[in-house]
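These notes are about the structure you will find just below.
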Amino acid sequence: MLTAALVCSQFAQATPMGGANNNSGGNNNSGGNNNSGGNDNKVTPPPCMVSDIWITSYQKQKIGAAEQVVEPINATACYGAFTGNDDVSGLNAAPPSSNYNLGYDDMGWLNEESPQYWPGMDGAFVPEADLQNLQGKGNIDPGWIFFGKYTAGNFAPSSTSKDGFGTYQYASDLISMSNCKNRAGGTTSCTGGDVVSGDWLYKPPATNPDELMDMLGTNKFFDQVTVIFKSAHMFAMYNFNIAALGLPPVVGTTDENYMFKGSWDMSNTLLNPSGGGGLSHVSVWGRDPVTDDTPPPVDVPVSAPVTLAGLGLLLLGLHRRRQQA
């Protein structure tokens, strides 16, 4: 599927080529041209598909736990593809506000209104009814927290802080990729060049760290995850809505977190101007739950022994207490 180096890419002007999409499709790779040259107007980015990324298994991180293989579970929705670059700047507010990557309104790209990418929404994949009260100022916060960026074969983690001094750095091996392929089906590096598909692994710490639980609070789990795939010329955003619980919640600092495995295929979505493709980085964000009560279920494949809720809970395995107004 995150106070070291926070990797920030300054936002580049981009043009939306598609909106949110919940269509499903197959998970097979497609062939094509892997050239990267050409005119910028030659290829228009096609709409993303929720089947561009999917989950294949989960495993509890305790001795003797077996990997549980599931029927593929696709993303819930997607935005894009868009020409340009995604934005992870503006996450750390200067004191005295001390709103350091905590999901507050206008603190980080996914927490802002964007007529270009999610028109009419207060945050990415967040309608007004789902805004939260994280600051004690009413329901104004979209709740997205940036976990880090996978690039050049490594995951560069972000950090979270409430005061700018005490910080928690997410695990440097939180996200990894393997078995990456080019359009011809040949083995290639997992970022850069001609990579268009591969496998991914999410591996949080075996148990939730005390310092992070103290910083974010306890009582709540992250109910959505957004993964952004960026090529040289464009990007697409994939949301996993994990409001329905398919696995027991991971609670406190002694219960073991889960690992998740899956695959991705951007061969029909991220296209360079000539029609080829590559991958420069993958950004990962997580979001707080929508309500203080048990969230309503979402539709997921009935044949899958684990639902999207399992991914979200275990994708982050963290809990957050709401601040009271």
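Both backbone and side-chain heavy atoms feed into the values below; hydrogens, waters and symmetry mates do not. If you're wondering where the values come from, they're calculated on a predicted model, not measured in any experiment.
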| Do I140 and Y104 have side chains that get closer than 4.5 Å, going by heavy atoms? | no
| Rounded to the nearest 0.5 Å, what separation is found between the CZ atom of F240 and the OG1 atom of T76? | 7.0 Å
| said: Considering only residues two or more places apart or on different chains, which pairs with a residue in residues 163-201 satisfy disulfide bond (SG atoms under 2.5 Å apart)? | reply: C180-C190
| request: Describe, in one word, how the ring planes of F125 and W144 are oriented to each other, choosing from parallel (under 30°), tilted (30 to 60°) and perpendicular (over 60°). | output: perpendicular
| task | Take F155 and Y150 through the test ring-ring contact (aromatic ring centres under 6.0 Å, His included) and record every step on the way to the result. | result | CA-CA 4 Å; F155 184 74; Y150 181 90; 7.4 Å; no
| field | Partner residues of E67 under the side-chain contact (heavy atoms from CB on, under 4.5 Å) criterion, sequence neighbours left out | value | S57, Q59, K261
| query | Is N101 close to Y168 at the side-chain level, that is, under 4.5 Å between some pair of heavy atoms? | reply | no
| Is the closest side-chain heavy-atom distance between W285 and L110 below 4.5 Å? | yes
| Aromatic ring pairing W264/F229, orientation class (parallel under 30°, perpendicular over 60°, tilted between) | tilted
| query | Would a 4.5 Å heavy-atom cut-off, applied to side chains only, mark F146 and S283 as touching? | reply | yes
| request: Report the C-alpha distance between W109 and D86 in whole Å, list the side-chain angles of each, state the deciding distance to 0.1 Å, and finish with yes or no for side chain to side chain contact (heavy atoms under 4.5 Å, CB included). | output: CA-CA 8 Å; W109 186 41; D86 64 311; 3.5 Å; yes
| Validation row: N85, K230 side chains within 4.5 angstrom (heavy atoms) | yes
| request: Indicate yes or no: at least one non-hydrogen side-chain atom of V196 is less than 4.5 angstrom from one of L270. | output: no
| message | Quick check: do V195 and M177 have side-chain heavy atoms less than 4.5 Å from each other? | response | no
| query | In terms of side-chain heavy atoms, does T269 have a donor or acceptor partner in D52 at a distance below 3.5 Å? | reply | yes
| Is a salt bridge present between D194 and K181, judged by a nitrogen-to-oxygen distance below 4.0 Å? | no
| field | For D173, side-chain contact (heavy atoms from CB on, under 4.5 Å) partners two or more places apart | value | A171
| field | side chain to side chain donor-acceptor pair (under 3.5 Å) partner of D255, chosen from Q61, K62, K60 | value | K60
| field | Under 3.5 Å side-chain donor-acceptor pair for N179 and D199 | value | yes
| message | For Y117 and F82, take the angle between the two ring planes, folded into 0 to 90°, and tell me which bin it lands in: parallel under 30, tilted 30 to 60, perpendicular over 60. | response | perpendicular
| task | Establish whether M121 and L131 are linked, either directly or via other cluster members, by ILVMFWY side-chain heavy-atom contacts under 4.5 Å. | result | yes
